[in-house]
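The sequence lines fix the lettering, A, B, ..., with proteins before strands; numbering per chain opens at 1.
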Protein chains: 2
Amino acid sequence: MTRPVRPTMRDVAARAGVSQALVSLVFRNAPGASPATRERVFRTAEEIGYRPNLAAQVLRRHRSRHIGVLFTMRQPFDVDLVEAIYPGAQQRGYHVVLGALGPGRDERHAVEELLAYRCEAMILLGPATTAAELAVAAERVPIVAIGWRSSGEGVDVVRAADERGARLAVEHLAGLGHRDILHVDGGDRTGSQHRRRGYERAMRRNGLGDFVRVLGGDHTEESGAAAVRRLMGEKVLPTAIFTSNDRCAHGVLDTLIRTGSAVPGDVAVVGFDDSGVAQLSFIDLTTVRQDVAGMAEAALDAIVERLEQGRTGTRRIVLDPSLVIRSTTAAPKPSR
Amino acid sequence: MTRPVRPTMRDVAARAGVSQALVSLVFRNAPGASPATRERVFRTAEEIGYRPNLAAQVLRRHRSRHIGVLFTMRQPFDVDLVEAIYPGAQQRGYHVVLGALGPGRDERHAVEELLAYRCEAMILLGPATTAAELAVAAERVPIVAIGWRSSGEGVDVVRAADERGARLAVEHLAGLGHRDILHVDGGDRTGSQHRRRGYERAMRRNGLGDFVRVLGGDHTEESGAAAVRRLMGEKVLPTAIFTSNDRCAHGVLDTLIRTGSAVPGDVAVVGFDDSGVAQLSFIDLTTVRQDVAGMAEAALDAIVERLEQGRTGTRRIVLDPSLVIRSTTAAPKPSR
DNA sequence: GTGAAAGCGCTAACAA
DNA sequence: TTGTTAGCGCTTTCAC
């Protein structure tokens, strides 16, 4: 069991015939080394396969330049966000450390782990943690919650204007002539409460207060499927269904089609997020698009402001969603 | 911009009135401290909010106890594996460091990053990297590739018996009376070639050599949808379609249903993986199940063997897949 | 049962 | 332009 001892800066220095400090200089791209030396150091390092020891760097620099990102692998929207965060972080000179949430890995645990890695800041996607718990973590490092509303101090929030998004959906449907528009909500999931409220208000504002109807759900396909199955017991289906996210819409859509309802002929469907599933050619879901790239940028900017510009006040950034009209919506059948 | 200076072991030691070395002892659960001292150290640490500095630990111990896991967030099967790896790694006393692959984040880059974090070993899920490239990385740390075939030395491989899996699918369909069984393959994706070969062989072995037909695809929903659309131009559809993975099967399934074909009435569909999508109630896909838990365990064991038991020879572990019969398969219509 | 001391690989201030 | 030096926070002998 030979431990593969990796070359250190000292080894590079010895081989290149310079001091170890100079090697450090060169690797940090700091000024103060002649081009010739620079070249030689790099070549020597290459030759012996040297790679900087991040642990030593972090220890010495008192900075890790790591940003922790907590997310749920199963949520396509979270994945979209993570993919947008990666390049943005790199641009700003930070590394991303992923913390996956899931069965058996709760938020507390994951936050602790990211803290142990010496993350300088954390981005939380759709966190379920209470404000109080977050505040504790926020004392240690800047925290940005995406898609989450906090009244807690110290936690920056980036989110979509969920209510406006829901209004876009309702007005689109109402504009097509729909009146019996049902909402499958997202329970206590990210943004759900405000999407539901936005739905209710928009319905009333459009004179459809009598048609307001909400079925309980969450942000999974199964909850959408279950909602439609519950509906099947009734004589008439609503002419349109607006769901709290795309995964739920997927369940609604597929279950409708499999039970013989045409979409959008019999029932129109609108989702929320515009995650990958909505964009599949055979799903082609009309949905409320959240500005993923904008959210990622805003979150990173919020972190940089705190880390490098000394901001201390809490920020709340709200981004406007937009409606993406695809093929799951059309005017209701004239017969109704 | 006050840098929040975190308490160190020295601080704990000073406050508890012991030496710093003793605090270290206590935190490592090493023998040699009285219960009273132990208690006091822990209490003091708690009081001042001390948390061990992982960077310092890694630097000093020459061990990070980190295992890097490279995966594709968009592949449900990869996500299943990651979720199985987490608890297994923890049991064995290791931390998991995630490296996400995706657009703009290639394997080389991700491997380099995990290496920089001082990962002691790496698990690669369905890697696209060539053997040669992997061998370079394998010189530094033990590498286990899941679902990948390597002839390269030094890289352990854990995979499903893809050919057998394909045979299970074909024999199930043939047993139901299907003859015209088409395969949508996975191009160069993980396991595809062997699934295709398994399909071809099983067809011939069952006297269906004349019906062998492969449509090119990959492991995405769109490739399944595209395959069905290509098929629509023809007078008759096959009575059964076997795809190289579940996502592709999803595209096949949904496109069939949307274009008016009944499943399994008109066309039977079989996927591969048994990932989350296959288990959705409204998809309920008959599929070839890969033993995710078994693969995760095998990969972790392979790593521990190398790291702690000094194994050096290359291992190849092949796990048997099994057939999960759900509702997308049935006997073909008698008319045909 | 406890403490002193050396040093992991690197950075950064200072000296030459 | 280059070298010297003092640690970062921790682990780990080796004394006491």
Side-chain angles (χ1 to χ4, degrees), chain A residues 3-42 44-45 48-66 93 95 115-120 140, chain B residues 3-42 44-45 48-66 93 95 115-120 140:
Chain A
R3 175 184 297 133
V5 172
R6 299 192 188 175
T8 72
M9 272 192 177
R10 211 190 308 289
D11 301 324
V12 178
R15 204 158 198 276
V18 295
S19 78
Q20 189 247 42
L22 203 45
V23 177
S24 169
L25 242 167
V26 169
F27 266 87
R28 280 176 287 141
N29 265 316
S34 68
T37 312
R38 230 168 252 285
E39 160 67 17
R40 191 147 44 85
V41 166
F42 278 133
T44 313
I48 62 175
Y50 166 77
R51 4 208 63 254
N53 184 327
L54 235 128
Q57 271 183 15
V58 168
L59 181 60
R60 185 55 240 234
R61 286 212 250 237
H62 298 280
R63 290 210 59 179
S64 65
R65 302 202 74 89
H66 286 353
H95 296 272
L115 247 28
Y117 284 126
R118 260 17 198 205
C119 284
E120 297 185 43
R140 312 190 151 283
Chain B
R3 175 184 299 134
V5 173
R6 297 191 187 176
T8 73
M9 273 194 175
R10 212 192 305 292
D11 300 326
V12 177
R15 205 159 195 275
V18 294
S19 79
Q20 187 247 43
L22 202 45
V23 177
S24 169
L25 240 167
V26 170
F27 265 86
R28 280 176 288 139
N29 265 316
S34 67
T37 312
R38 231 167 250 286
E39 160 69 16
R40 192 147 44 85
V41 165
F42 278 133
T44 313
I48 63 175
Y50 166 77
R51 6 206 64 256
N53 184 328
L54 236 130
Q57 271 183 16
V58 169
L59 182 60
R60 184 56 239 237
R61 285 212 252 238
H62 297 279
R63 291 212 54 179
S64 65
R65 302 203 73 90
H66 286 352
H95 296 273
L115 246 27
Y117 284 127
R118 253 38 200 191
C119 285
E120 296 185 43
R140 313 188 150 284

What integer distance in Å separates [X]:[atom1] from [N]:[atom2]?
| X | N | atom1 | atom2 | answer |
| --- | --- | --- | --- | --- |
| B:Arg60 | D:dT12 | CZ | P | 6 Å |
| A:Met9 | D:dG3 | CE | P | 14 Å |
| B:Arg6 | D:dG9 | CZ | C1' | 12 Å |
| A:Asn29 | C:dA12 | CG | C1' | 16 Å |
| B:Arg63 | C:dG9 | CZ | C1' | 19 Å |
| A:Arg10 | C:dT11 | CZ | P | 13 Å |

Worksheet item: Given the rule in the side chain to side chain contact (heavy atoms under 4.5 Å, CB included) test, do B:Asp11 and B:Arg15 qualify, once you have shown the distances and angles that lead to the verdict?
Response: CA-CA 6 Å; B:Asp11 300 326; B:Arg15 205 159 195 275; over 6 Å; no
Worksheet item: If you find the nucleotide of DNA chain C closest to A:Thr8 and the one closest to B:Arg38, which residue's nucleotide is nearer the 5' end?
Response: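 Comparing both residues, the 5'-ward one is B:Arg38.
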Discussion item. For A:Asn53 and B:Arg118: C-alpha separation, side-chain torsions, deciding distance, then whether side chain to side chain contact (heavy atoms under 4.5 Å, CB included) applies.
Written reply: CA-CA 7 Å; A:Asn53 184 327; B:Arg118 253 38 200 191; 3.8 Å; yes
Worksheet item: Within the structure, does a side-chain N or O atom of A:Thr37 lie under 4.0 Å from either OP1 or OP2 of D:dT1?
Response: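 Negative; the distance criterion is not met.
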Worksheet item: Can you check side chain to side chain contact (heavy atoms under 4.5 Å, CB included) on B:Arg38 and B:Asn29, steps first, answer last?
Response: CA-CA 9 Å; B:Arg38 231 167 250 286; B:Asn29 265 316; 4.1 Å; yes
Worksheet item: Can you list, by residue number, the residues of residues 17-28 of chain B that have a non-hydrogen atom closer than 4.0 angstrom to DNA chain D?
Response: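 Under 4.0 Å from DNA chain D: B:Gln20, B:Ala21, B:Ser24, B:Arg28.
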Worksheet item: Counting only non-hydrogen atoms, which of residues 48-59 of chain A are less than 4.0 Å from DNA chain D?
Response: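 Residues of residues 48-59 of chain A under 4.0 Å from DNA chain D: A:Leu59.
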Practice prompt. Can you measure from CZ (A:Arg10) to OG (A:Ser24) and round to the nearest 0.5 angstrom?
Written response: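 It comes to 12.0 Å.
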Return the minimal non-hydrogen interatomic distance between [X] and [Y], and the atom names on each side.
| X | Y | answer |
| --- | --- | --- |
| B:Thr44 | B:Ala16 | OG1-CB, 3.5 Å |
| B:Val26 | B:Ala33 | CG2-CB, 4.0 Å |
| A:Leu54 | B:Ala116 | CB-O, 3.3 Å |
| A:Gly49 | A:Pro7 | O-CG, 3.6 Å |

Item to complete: Go through the steps to decide whether B:Val41 and B:Leu22 satisfy the test side chain to side chain contact (heavy atoms under 4.5 Å, CB included), and finish with yes or no.
Response: CA-CA 9 Å; B:Val41 165; B:Leu22 202 45; 5.7 Å; no
Discussion item. As a test of understanding, state which of A:Arg65, A:Arg63, A:Arg61 forms a salt bridge (Lys or Arg N to Asp or Glu O under 4.0 Å) with A:Glu120.
Written reply: A:Arg63
Fill in: Overall bend - the helix from C:dG1-D:dC16 to C:dA16-D:dT1, comparing terminal axes fitted on five pairs, nearest 10 degrees
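The angle separating the two end axes equals 30°.
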Item to complete: Taking the six-membered ring for Trp and the full ring for Phe, Tyr or His, determine whether the centres of A:His95 and A:Tyr117 are under 6.0 Å apart.
Response: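 No, the ring centres sit 6.0 Å or more apart.
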